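Please read the structure below before turning to the comments.
Source: prediction; values computed, not measured. Residue numbering restarts at 1 for every chain, and letters A, B, ... go by the order of the sequence lines. Both backbone and side-chain heavy atoms feed into the values below; hydrogens, waters and symmetry mates do not.
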Amino acid sequence: MPEGHTLHRLALDHRALLAGRAVEACSPQGRFDEGAALLDGRRVLGVEAHGKHLFYDFEDGLVLHVHLGLFGRFRKTARPAPTPRGAVRLRFVVPGACLELSGPTACALVSDTERAALCARLGPDLLHDDADPAEAWARIRKSKRAIGALLLDQSVLSGVGNVYRAEGLFVVGLHPETPGNALRKPDFTRLWDTLRAMLQKGVRDRRIVTAAHPEKSASRVRRGERTWVYGQAHCRRCEGAVERFTLAARTMYACAACQPRDAKPVRTRRSAE
DNA sequence: GCCGAATGCCCAA
DNA sequence: TGGGCCTTCGGCG
């Protein structure tokens, strides 16, 4: 589930639920016993998302770092189940609510230095109000790598995952294999704005719905109708074939008709011919 | 019940 | 570039 919108949604929800309160913490799975014991009974001061990373600030300077990876997931229930479902790495209990974390890539207490190092590796977070597109553009315009690879590189910009990269490139009409240094600035700007709006919508909707459904609220859009090209065999705009190939070790989807390979503007191309 | 894939990322070669 | 890690789920028998 986790692209940038998931983490920012969790940060908002968990801040509302936990901030200012003392939590009971334990690790039913046992793999985070020591950390959970240190957190148990302590008050949460704040919760923040940076790219796809979550940081929980506790009193006494303790900081919990969570990265969901591909499989990690939080579940919220009204009260703790006597027998946790699946492998629960960490459980937080506050009056009236229980949060269970399973399958994270990272769940660890970190020092301020480690936290700073993690954040320093990240490019501008599309979901931060002060994210500076110029930082990302400076990297992209000089790179020979494909834009579809650059979008997944969290040091270039952070928050985009495999679904949003496919959908963002589709909406802007860029072929994923266009080299960064072949992108025109206006295309980059449109891509940035598009991805940012998509992620913001994802935070609001609590899910990824990028294909237009003017009449329906996001929660009513069926699985399989939520994207233009991601996971699709046919483009949901033109009904043409969707190409499926591997790019940066992940499955990429692109519409052959809507995302022509040539990055140059049509006007220039015609006049050159 | 087993197998493969999945919205991520690190590391070794 | 490929394998490993973490877990869940759907498709197949």
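Using a 4.0 Å heavy-atom criterion, one finds that A:Arg244 contacts the sugar-phosphate atoms exclusively. In this structure, A:Gln29 reaches the sugar-phosphate backbone alone: every heavy-atom distance under 4.0 Å involves primed, P, OP1 or OP2 atoms, never a base. Residue A:Arg223 is out of contact with every strand shown, counting any heavy-atom pair closer than 4.0 Å. A:Arg165 comes within 4.0 angstrom of nothing in the nucleic acid, heavy atoms only. Backbone-only engagement by A:Arg31 is indicated by non-hydrogen atom pairs under 4.0 Å involving sugar-phosphate atoms exclusively.
Nucleotides C:dG2 and B:dA5 are separated by 15 Å at their P atoms, to the nearest Å. For the C1' atoms, the distance from C:dT1 to B:dT7 is 22 Å, rounded to whole Å. C:dG3 sits 14 Å from B:dG4 when the P atoms are compared, rounded to a whole Å.
Between A:Arg9 and B:dT7 there is no side-chain polar atom (N or O) within less than 4.0 angstrom of OP1 or OP2. When the side-chain nitrogen and oxygen atoms of A:His67 are compared with OP1 and OP2 of B:dC9, one or more of them lie within a distance under 4.0 Å. In terms of phosphate contacts, A:Arg250 brings a side-chain nitrogen or oxygen within less than 4.0 Å of OP1 or OP2 of B:dT7.
Under the 6.0 Å cut-off for aromatic ring centres, A:Tyr56 and A:His65 do not qualify, their centroids lying 6.0 Å or more apart.
Taking atom CG on A:Leu118 and atom P on B:dC9, their separation rounds to 12 Å, with Å as the unit. Taking atom CG on A:Leu54 and atom P on B:dC9, their separation rounds to 12 Å, with Å as the unit.
Classification of A:Arg75 and A:Glu100 as a salt-bridged pair fails, no side-chain N sitting under 4.0 Å from a carboxylate O.
A side-chain donor from one of A:His8 and A:Asp125 sits under 3.5 Å from a side-chain acceptor of the other.
Closest approach to the A:Arg121 side chain among B:dT7, C:dT8, B:dC10 is made by B:dC10 (side chain taken as heavy atoms from C-beta onward).
Annotation: side chain of A:Lys142 is not in contact with side chain of A:Asn181 (no heavy-atom distance under 4.5 Å).
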